[in-house]
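All values reported here derive from a predicted model rather than from experimental measurement. Atom set for the values below is all heavy atoms of this structure, side chains included, hydrogens, waters and symmetry mates excluded.
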Amino acid sequence: MMDSLENAIEQAQTEEKKVEEVVNEATPEVENAPAEEPATEETVAEETAVDETAAEKPAAEETVAEEAAAEDNVAAEEDKKVYKTKQEVLERVKEIAHGDENPVKEEVDHLKTLFYKLHIAERDARQKEYLDAGGDPEKYTVLPDEDEEAFKAEMGIIKEKRAKLFMEQEAEKQENLKKKLAIIDQIKTMVTSPEEANRSYQDFKKLQAEWKEIKAVPAEKANELWRNYQLYVEQFYDLLKLNSEAREYDFRKNLELKTKLCEAAEKLADESDVISAFHQLQKLHQEYREIGPVAKELREEIWSRFKAASTVVNKKHQQHFEGLRAKEEENLVKKTALCEKVEAIAKIENKGAGDWEKRTKEIMDIQAEWKTIGFAPQKMNVKIFERFRAACDDFFGRKAQFFKDLKQRFAENAEKKRALVAQAQALQDSTDWRSTSDKMIALQKEWKTIGMVPKKLGDQLWNDFLTACNKFFEARNAANAGTRSEEHSNLAKKRSIIAQLKAVAEEAGDNVQETVQKLVDEYQSVGHVPYKEKDKLYKEYHEVLDKLYKDLNISTARRRLDNFKSNLKDMAKRSEDALDNERARLFRQYEAIKQEVQTYENNLGFLNASSKKGNSLIDEMNRKVQKLKDDMNLVREKIKAIDAENREQE
């Protein structure tokens, strides 16, 4: 008897290892399982919304049990519903929050993502409407959304409800664990001998039925619990001798049930939805666990068949998510490239509004491309999005600061131009033509140095400024219409006089000084000439006059010196002291002229430092200095002549 018991235990342990292999293959750990179906990325903002939802997920594992399948069915039904407005989504959230139904995570996540998608679309539409109406982007503010506040409040209730439900489910699982452990203990007492197994058969059947009625247990205990239960059930059947007919019936019934499960698992290989096939397989495994053993010689065969069908479904499921992960890695590469593009654009120095608008279009094109790319791997999805958002924020932050500064400069420039407009309007009725003309011209030059202002305001200010300037200059031109004709006549007269002076300079005949003086007096009696011709005419007149005076001064000084020398002898005869007195008088005259020359030269030094080249006052003073120097030279020559006469008399 002991030998048969040991053989039964050894056989059960072999079966236990096989069960453990396929369970580990068919039922991956929940925390490592990939998401069933990654959502399509609609907007950059929705990524954040989805991440916030993920934060609400309870940390504990959930077994792949019948209640999970029921939740999937409910979520699938809810996904079929179409919500067109935030209010419809909010109503459904209120039903879940305050109704008797248990919140299903998939549906709650779906509702949250959809609500924020509609919320962001509404917000963007309001902002676009404001900007299209000519609103100032700097002054736009996002108004509070009462629906969003209500949605957050209801989601808070659902979160608490789910947490409470989770705690209740965990408590129920712990209670179920105790019940199943108690059933295993009772079966253990029935496998001590064949006789005991025969006597306890009906009690054993009741315990099996009770086991099936008890549902989920903590995930970390599920596999070990099932292995122990299966071990002692098979040991019981192996020891059962007296009621062989009942045992054979159970074996046939269990074989029939397990065969159907094998067929169902094999059909799942043709299921197009690998996610659905995987979940159906988990349910089949749960059912397989709860069916008792088959005849010993068939156990290996039926288990191998079920295991082979499970392997096909699991491989398709694994390949599906390997493909998703490969796609996510590809998406990460694409998003990284877009981040680098935005970062490069953000570093470019933009010189004006045109450059900023050009770069903005490039950024917006990149953002549109970003929205067409799906999710990156979970560990990198938030990080890559934050990198992209930081680069965009950097660009648009600097753009906002640029236009803020530009707006400030526009305001300052507009204020400066308003001041010039006011000054021009104050001068527009003046009749002081010369002075006001200079002021108006100065205002126009200053206007050109002021930067830009907004076009509409700039056009208005320019029109006001131009109107004031035109009013003054038109009045001046009308008043000076007669004067201009006279000025052109004067110009012709002065040019004729200059031509005569040039002829005198060439001929150098008798009575040159009288002729020159007559022409000079005639020139000075002529009135104003056109302003544009004044400087040129002045230069031409004084060039010929300077030449004449220079020649005249030389010849005149020579005659005066000759006359003075010829009169010295007569002067000496009249008085012994006459020559000395004359010498003293000439010396005083020399010192006086010298002092006058120094005064003029000092004044010329100040004028040269502050006046423009060609100033008429400076030219006139230079002529006077030269005349004085010529006089000094004549006086010096006279003193030398007296000294020479005194030496002869000695």
Side-chain angles (χ1 to χ4, degrees), residues 18-39 57 61-81 101-110 169 173 176 211-219 222-223 225-227 229-230 253-294 301-325:
K18 295 176 181 179
V19 170
E20 182 176 2
E21 291 174 1
V22 75
V23 167
N24 289 338
E25 182 178 3
T27 312
E29 293 293 333
V30 174
E31 63 181 5
N32 294 327
E36 292 186 10
E37 192 173 357
K57 179 178 179 181
E61 294 179 325
E62 294 182 4
T63 58
V64 184
E66 293 173 341
E67 61 266 29
E71 288 183 356
D72 290 338
N73 293 334
V74 173
E77 289 298 319
E78 289 299 332
D79 287 343
K80 295 177 183 177
K81 296 181 181 179
E101 62 180 307
N102 293 329
V104 179
K105 180 181 183 301
E106 288 76 5
E107 182 187 4
V108 173
D109 290 348
H110 171 69
Q169 289 175 342
K173 289 176 183 178
N176 291 341
W211 177 277
K212 290 181 180 180
E213 292 298 323
I214 302 172
K215 300 301 179 184
V217 297
N223 288 339
L225 188 70
W226 181 81
R227 286 196 297 268
Y229 171 73
Q230 192 72 7
K253 181 180 178 182
N254 293 341
L255 179 61
E256 180 182 345
L257 294 174
K258 288 190 174 183
T259 300
K260 289 182 178 179
L261 293 181
C262 288
E263 293 172 350
E266 288 164 351
K267 288 182 179 179
L268 291 177
D270 299 325
E271 175 69 51
S272 59
D273 187 345
V274 296
I275 303 298
S276 174
F278 179 78
H279 283 300
Q280 291 180 58
L281 180 64
Q282 305 315 303
K283 187 176 180 181
L284 295 180
H285 270 271
Q286 184 66 24
E287 293 178 17
Y288 194 98
R289 289 180 175 189
E290 295 176 354
I291 298 173
V294 299
E301 180 183 348
I302 195 68
W303 174 247
S304 297
R305 180 179 177 182
F306 188 69
K307 179 181 177 182
S310 298
T311 300
V312 173
V313 176
N314 285 329
K315 283 186 177 179
K316 290 181 67 176
H317 183 262
Q318 181 180 1
Q319 290 170 357
H320 170 74
F321 282 100
E322 285 176 352
L324 288 181
R325 283 191 288 271

Subject >> Nearest-0.5 Å distance that lies between atom CZ in R289 and atom NE2 in H285 >> reply: 8.5 Å
Subject >> side-chain hydrogen bond (donor to acceptor under 3.5 Å, both in side chains) partners of E256, counting only residues at least two apart >> reply: none
Original post:
Who pairs with S304 by side-chain hydrogen bond (donor to acceptor under 3.5 Å, both in side chains), at least two apart in sequence or on another chain?
Top reply: E300
Subject >> N176 side chain to I214 backbone, donor-acceptor under 3.5 Å >> reply: no
Original post:
Can you name the closest pair of heavy atoms from L268 and Q280 and give their distance?
Top reply: CD2-OE1, 3.4 Å
**OP:** Indicate the atoms forming the closest heavy-atom contact of V312 with A269, along with that distance.
**Re:** CG1-CB, 3.7 Å
Original post:
Can you tell if the side chain of R305 reaches within under 4.5 Å of the side chain of E266, non-hydrogen atoms only?
Top reply: yes
**OP:** Provide the closest heavy-atom pair for W226 versus E290 in the form atom of the first, atom of the second, distance.
**Re:** NE1-N, 4.3 Å
Subject >> Identified side-chain hydrogen bond (donor to acceptor under 3.5 Å, both in side chains) counterpart of E322 within the set Q319, Q318, R325 >> reply: Q318
**OP:** Kindly give the heavy-atom pair with the smallest separation between V108 and P103, and that separation in Å.
**Re:** CG2-CB, 4.3 Å
Subject >> E263: side-chain hydrogen bond (donor to acceptor under 3.5 Å, both in side chains) partners, not counting sequence neighbours >> reply: none
Subject >> By salt bridge (charged side-chain N to carboxylate O under 4.0 Å, His left out) - contacts of K212 (at least two apart) >> reply: none
Subject >> Flag, side chain of N254 to backbone of P293, donor-acceptor distance under 3.5 Å >> reply: yes
Original post:
Do you know which of H279, E287, Q286 makes side chain to side chain contact (heavy atoms under 4.5 Å, CB included) with K283?
Top reply: E287
Original post:
Once you round to the nearest 0.5 Å, how far does NZ of K258 lie from NZ of K253?
Top reply: 13.5 Å
**OP:** Go through the structure and list residues passing salt bridge (charged side-chain N to carboxylate O under 4.0 Å, His left out) with E301, not counting sequence neighbours.
**Re:** none
Subject >> From NZ (K316) to CG (L281), nearest 0.5 Å >> reply: 12.0 Å
Subject >> Shortest non-hydrogen contact from V274 toward H317 >> reply: O-CD2, 4.0 Å
Subject >> Nearest atoms (heavy-atom pairs only) where C262 meets A309 >> reply: O-CB, 4.3 Å
**OP:** Evaluate the ring planes of F306 and Y288, with Trp represented by its six-membered ring, and classify them as parallel (under 30°), tilted (30 to 60°) or perpendicular (over 60°).
**Re:** parallel
**OP:** Not counting sequence neighbours, which residues clear side-chain contact (heavy atoms from CB on, under 4.5 Å) with D273? List them please.
**Re:** E271, I275, S276
